[in-house]
Amino acid sequence: MTPARNQEVLRTLRILVLAIALPAGGTACKQKPPPDDGKSHTIQRTEYAPEEFGIGRQHTRDKACNQDIDQLLDEIRLCYKERGTASRCEYLQEKNSEKIKRLKNSVRCAR
């Protein structure tokens, strides 16, 4: 083989190696997904059935007390339904839970 022929064979060999290596390397060069920013991508529920909050069940023996308790529970349910801020709804829940405890322990509702 002549030196010119050797050069041509080497050039062809290099082209073949590159042609094989490029597609294989192309998969390794895919764009990486953006880093997770730590925020949850979960969609919060907005529809809550009254039963999920205990509305409609018998809390005490007194019907009027049960209605008062159901009204307090429904306020909490509506806060979450309207996508109120978590801190606002938690505060309302704590406040209404205290009212419910007092109602259940009251003489009127304990009959």
Side-chain angles (χ1 to χ4, degrees):
M1 272 200 200
T2 64
R5 180 76 178 144
N6 283 341
Q7 291 293 331
E8 189 179 327
V9 171
L10 284 175
R11 190 177 311 129
T12 306
L13 189 59
R14 285 184 195 140
I15 292 172
L16 284 174
V17 169
L18 282 174
I20 292 171
L22 282 178
T27 58
C29 295
K30 287 184 179 177
Q31 271 190 333
K32 294 180 182 177
D36 188 18
D37 58 0
K39 294 180 182 177
S40 175
H41 299 291
T42 304
I43 299 172
Q44 297 295 322
R45 288 178 50 192
T46 57
E47 288 301 317
Y48 296 96
E51 300 82 35
E52 292 180 271
F53 281 80
I55 299 169
R57 73 177 194 71
Q58 185 176 352
H59 308 284
T60 66
R61 292 180 183 171
D62 188 76
K63 187 175 182 177
C65 287
N66 288 338
Q67 290 174 344
D68 293 342
I69 292 171
D70 284 346
Q71 182 179 2
L72 292 169
L73 291 171
D74 199 41
E75 284 179 24
I76 299 167
R77 183 183 73 86
L78 290 175
C79 181
Y80 284 107
K81 180 181 178 183
E82 294 168 355
R83 290 183 173 251
T85 60
S87 60
R88 183 178 143 247
C89 293
E90 288 171 7
Y91 172 76
L92 180 66
Q93 189 170 4
E94 287 177 27
K95 187 179 82 166
N96 285 2
S97 292
E98 288 299 317
K99 289 180 182 178
I100 290 169
K101 287 178 195 174
R102 283 194 300 265
L103 270 171
K104 284 185 173 183
N105 292 327
S106 71
V107 175
R108 176 176 71 103
C109 295
R111 297 186 221 157

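Just the heavy atoms: all of them, side chains too, but no hydrogens, waters or symmetry mates, feed the values below. Keep in mind the model is a prediction, meaning the values are calculated, not measured.
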Nearest heavy-atom pair of L73 and H59: which atoms, and what distance? CD1-CE1, 3.7 Å

To the nearest 0.5 Å, tell me how far K99 NZ sits from Q71 CD. 9.5 Å

Run the salt bridge (Lys or Arg N to Asp or Glu O under 4.0 Å) test on D68 and R108 for me, step by step, so that the C-alpha distance in whole Å, both residues' side-chain angles and the decisive distance to 0.1 Å come before the verdict. CA-CA 12 Å; D68 293 342; R108 176 176 71 103; 3.1 Å; yes

Using 0.5 Å steps for rounding, measure from the OH atom of Y80 to the CZ atom of R88. 10.5 Å

How many angstroms lie between SG in C89 and CD in E82, if you round to the nearest 0.5 Å? 8.5 Å

I need the I100 CD1 to L72 CG distance, nearest 0.5 Å. 5.0 Å

Just by distance, do the side chain of D74 and the backbone of D70 share a donor-acceptor pair under 3.5 Å? no

From CA spacing to verdict: salt bridge (Lys or Arg N to Asp or Glu O under 4.0 Å), E8, R11: CA-CA 5 Å; E8 189 179 327; R11 190 177 311 129; over 6 Å; no

How many angstroms lie between CD1 in I15 and CG in L10, if you round to the nearest 0.5 Å? 11.0 Å

D62 CG to C109 SG distance, which is reported to the nearest 0.5 Å: 5.5 Å

Note: N66 and Q58 closest approach over all heavy atoms is ND2-CG, 3.7 Å

Evaluate side-chain contact (heavy atoms from CB on, under 4.5 Å) for L78 paired with K81, printing each intermediate quantity in order. CA-CA 5 Å; L78 290 175; K81 180 181 178 183; 4.2 Å; yes

